Amino acid sequence: MASLANILVSLLLIAIFFPTPILCYLKQAPVRVQQGATDTSAYHTYIVLVEPPPFNADEDMYYHWYESFLPSSRDGDSGKARLVHSYTKVFSGFATMLTDGELDAVAKKPGFVRAFKEKTRYLMTTHTPKFLGLRNGTGFWRDASYGKGVIIGLLDTGIYAKHSSFGDHGIPSPPARWKGSCKATRCNNKLIGAKSFVKHEDTNDEDGHGTHTSSTAAGNFIIDASYHGMAAGTASGIAPGAHIAM
Ligand SMILES: *[C@@H]1O[C@H](CO)[C@@H](O)[C@H](O)[C@H]1NC(C)=O
């Protein structure tokens, strides 16, 4: 059981840290991170996976187990705790700042599994569906018919109905089970329901939040979308074929 749990946690973490899952169990043959190798004295933040403590541990003992992997101090600030964060619930490991040389030493300690170097990630906006592996005309998106026939209901700040994300090209009529009504400046096969629960207020979205959430969930395809030329691509929600009721 314990080793099965270890494998599952390893796979989970691999799935988290790598866009494409790599099916291997790293505990037996630790794989070191790639190093930049330019300035060997520079500190980088790492998430270091280690085996669980070799004793029945409470939070304090986790802390001591993790600390036992680390050099006792950094140059010039002796005694300062090196742990940036301890992970104790889903996996055993910690975040810390290390130089390349220190990482080598940490990696030699028994119980070390793997280290992941910090990485800057960028907002993906237009490219999020692609990142998730959703492609027009193939795979999961095609098999799920882009969410056609699904009604996504949102309770939010309203909706800017005329936004091109809520155009209804390619969207069939709502299913017969739909009993709602639509009171917006534009209702169509995409935006099939709009209703305000706030007295004397219409369904327009002064705030912008409801427009954001509903287009993220079910915005239709917009080819050649960009923000002043940036993030150019085809924008869409994750279920571009679904209906929206705000
Ligand atoms: C998706 O593929 C179909 C069929 O090839 C094409 O007609 C349609 O324009 C494509 N839609 C987008 C948003 O690329």
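Numbers here simply count residues along the sequence, with the first being 1. In each ligand, atom 1 is the first atom listed, and ligand 1 is the first ligand listed. Values in this document were obtained by computation on a predicted structure and should not be read as measured data.
- A distance-only check finds a donor-acceptor pair linking the side chain of Thr157 to the backbone of Gly210 [under 3.5 Å].
- No path of Ile, Leu, Val, Met, Phe, Trp and Tyr side chains, each step under 4.5 Å between heavy atoms, connects Ile244 with Ile171, placing them in separate hydrophobic clusters.
- Atom 5 (O) of ligand 1 has Asn136 ND2, 4.7 Å as its closest protein atom, hydrogens excluded (heavy atom only).
- Less than 4.0 angstrom separates atom 2 (O) of ligand 1 from at least one non-hydrogen atom of the protein.
- Of the protein's heavy atoms, none falls inside 4.0 Å of atom 7 (O) of ligand 1.
- Note that atom 14 (O) of ligand 1 has protein non-hydrogen atoms nearby, at separations under 4.0 angstrom.
- Counting only distance, with no hydrogens or angles, the side chain of Thr45 and the backbone of Thr96 share no donor-acceptor pair below 3.5 Å.
- Transitive grouping of hydrophobic side chains (ILVMFWY, heavy atoms separated by less than 4.5 Å) keeps Phe221 and Val150 in distinct clusters.
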